[in-house]
Asker: 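If you scroll down you'll find the structure; I have some questions about it.
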Amino acid sequence: MLSLTDRAWSPYLTGTIIGLLQIPAFLLLGTALGTSSSYVTVGDSLASFVDPGIRSIDYAAKHLTGAKNWWQVAVVVGIALGAFLSSRLSGTARSGIAPIWRDVRGAGTRTGRFVMAFGAGFIMLLGARIADGCTSGHGISGIAQLALGSFIAVGAMFAGGIATALLTRRS
Amino acid sequence: MSVFTAVLIGLAMGAVFGLALEKSRVFEPGIIVGQMRLRNFVMLKIFLTAVTTGLVVLAVLHGFGIVKLGPKAVLMGADLIGGALLGVGIAMAGACPGTVAAQIGAGYADARLTLVGGLLGAVAFTYLEPMLNPILLSGGPGKLTLASVTGVPFWMLALGFAVVLIAGLVALERWRPWRTEIGANGDGVIAPPAGQVGPTGAATASSI
């Protein structure tokens, strides 16, 4: 039987749950599931304390206010809460860094991994905003809408990811 | 809808999303890096299952005229360059913009740095956007979809594509059963078979 205390559920069940989230997204918010534009909403909100002038950039202005933008921020916060609860219920809470990083060039030490993680986050969001979507917005939602731009972006994403993972592999 | 209501809905949807990401183990850096090394296919399974479900959901909702679709515009340069950078970042982060939050929730320390880097990346893009817009982010042929270019109704294509993906997933699961792929500790690290050591062993575990 399926239980919240299970360590793992089938990818086909969890993938279906994620796909079904399109129903409330489209019906209640009139938008598709996505996560990466929330980084603009939060990042630009924080940046506006240092540089109030950022509000005059159209792109920032479009992301700073409104139900859809803050809905997406809440989704990302909710992801952290859901994963927190799930990991505590099943006894799979994590700490430190994952064992895989010992097998990745430059990520073997804690400091090395932290520097890499920071740079990775920067590149990831810069790329996601240039492409106007990430694994959720272009991947899960864009492909489900048969958007041609999303097929291109997801193809490029896997190409970039595979090349990087193979080049940084230690063993 | 008020921002307050939207935030409550978002938190509830996010909690379900986060639960699914954690239970599926796809938030694990070992699973995501393993996917990019073409050694572990759990990420692809979840991704394609979510796409398949979305195709069926939208075939129904759009087919009966209940919702409007919102496909993103085709911008070849931006899709290629942005998509490739996104992929480089995902392989180095061992996370996507959404799974970073799941990693923080589950407790991985480095994910907090990925989040900070991501917020700065988004701010950097905001400042660059006015400059990039005329070169990369405008023009293009518009919001093209498979349905708009072929003239076939969306619901037919969506259901047809869903069937193809299901067939692919069945084959993928026969080739690589998910229970084996998530590894004993649920982090995508698969112990090499007894007696087998070295770089040709089961990838991630060999150096640990």
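Residue numbers begin at 1 in each chain, while the letters A, B, ... track the order of the sequences.
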Asker: Can you find a side-chain donor-acceptor pair between A:Thr92 and B:Glu22 that sits under 3.5 Å?
Answerer: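 Note: A:Thr92 and B:Glu22 side chains meet the donor-acceptor criterion.
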
Asker: Counting heavy-atom pairs under 4.5 Å with chain B, which one of A:Gly139, A:Ala32, A:Ser136 comes out on top?
Answerer: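 Ranked by heavy-atom pairs under 4.5 Å with chain B, first place is A:Gly139.
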
Asker: Heavy-atom pairs under 4.5 Å with chain B: which of A:Trp101, A:Phe151, A:Phe158 has the most?
Answerer: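 Most heavy-atom pairs within the cutoff with chain B belong to A:Trp101.
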
Asker: Quick one: what part of B:Lys143 sits under 4.5 Å from any heavy atom of chain A, side chain, backbone, both or neither?
Answerer: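 Looking at B:Lys143, nothing touches chain A.
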
Asker: Quick one: which of B:Gly107, B:Ala106, B:Ala78 has the most heavy-atom pairs under 4.5 Å with chain A, could you say?
Answerer: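 Looking at each option in turn, the highest pair count goes to B:Ala106.
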
Asker: Given a strict heavy-atom distance threshold of 4.5 Å, which part of A:Thr16 is in contact with chain B: side chain, backbone, both, or neither?
Answerer: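 Both parts, backbone and side chain.
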
Asker: Counting only heavy atoms closer than 4.5 Å, note whether A:Val154 contacts chain B via side chain, backbone, both or neither.
Answerer: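 For A:Val154, the side chain is the part near chain B, not the backbone.
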
Asker: Answer with side chain, backbone, both or neither: which region of A:Ala60 has an atom nearer than 4.5 Å to a non-hydrogen atom of chain B?
Answerer: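 The answer is both parts of A:Ala60.
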
Asker: Looking at A:Ser95, A:Gly96, A:Ala93, which has the largest count of heavy-atom pairs under 4.5 Å with chain B?
Answerer: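 Most pairs with chain B among the choices: A:Gly96.
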
Asker: Is the closest side-chain donor-acceptor distance between B:Tyr127 and A:Asp44 under 3.5 Å?
Answerer: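 Side-chain D/A pair, B:Tyr127 to A:Asp44: absent.
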
Asker: Relative to chain B, which segment of A:Leu85 carries a heavy atom at a distance below 4.5 Å: side chain, backbone, both, or neither?
Answerer: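 For A:Leu85, no heavy atom lies under 4.5 Å from chain B.
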
Asker: Is B:Leu11 in contact with chain A via its backbone, its side chain, both, or neither, using a 4.5 Å heavy-atom distance?
Answerer: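 Looking at B:Leu11, backbone and side chain both touch chain A.
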
Asker: For B:Glu129 and A:Arg129, run salt bridge (Lys or Arg N to Asp or Glu O under 4.0 Å): C-alpha distance rounded to whole Å, both residues' side-chain angles, the deciding distance at 0.1 Å, then the answer.
Answerer: CA-CA 9 Å; B:Glu129 203 272 346; A:Arg129 292 334 300 160; over 6 Å; no

Asker: Does one side chain, of B:Lys23 or A:Thr14, offer a donor that lies under 3.5 Å from an acceptor on the other?
Answerer: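 No donor-acceptor contact under 3.5 Å links the two side chains.
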
Asker: At a heavy-atom separation under 4.5 Å, does A:Ala107 approach chain B through its side chain, its backbone, both, or neither?
Answerer: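 Neither part.
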
Asker: Measure A:Thr31 against the heavy atoms of chain B and call it side chain, backbone, both or neither at under 4.5 Å.
Answerer: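 Neither part, no heavy atoms under 4.5 Å.
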
Asker: Relative to chain B, which segment of A:Leu13 carries a heavy atom at a distance below 4.5 Å: side chain, backbone, both, or neither?
Answerer: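 For A:Leu13, no heavy atom lies under 4.5 Å from chain B.
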
Asker: Which residue out of A:Met116, A:Arg88, A:His63 racks up the most heavy-atom pairs below 4.5 Å with chain B?
Answerer: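 Most heavy-atom pairs under 4.5 Å with chain B: A:Arg88.
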
Asker: Could you walk me through whether B:Thr114 and A:Phe118 pass the side chain to side chain contact (heavy atoms under 4.5 Å, CB included) test, one step at a time?
Answerer: CA-CA 5 Å; B:Thr114 314; A:Phe118 176 83; over 6 Å; no

Asker: Would you mind checking which part of A:Ile17 comes under 4.5 Å of any heavy atom in chain B, side chain (CB onward), backbone (N, CA, C, O), both or neither?
Answerer: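 Side chain of A:Ile17 only, per the 4.5 Å heavy-atom cut-off to chain B.
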
Asker: Quick check for you: among A:Ala144, A:Gly43, A:Ser90, which has the greatest number of heavy-atom pairs under 4.5 Å with chain B?
Answerer: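 Top option by heavy-atom pairs under 4.5 Å: A:Ala144.
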
Asker: Pick from A:Leu81, A:Leu148, A:Val76: which one has the most heavy-atom pairs with chain B under 4.5 Å?
Answerer: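 Most heavy-atom pairs within the cutoff with chain B belong to A:Leu148.
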
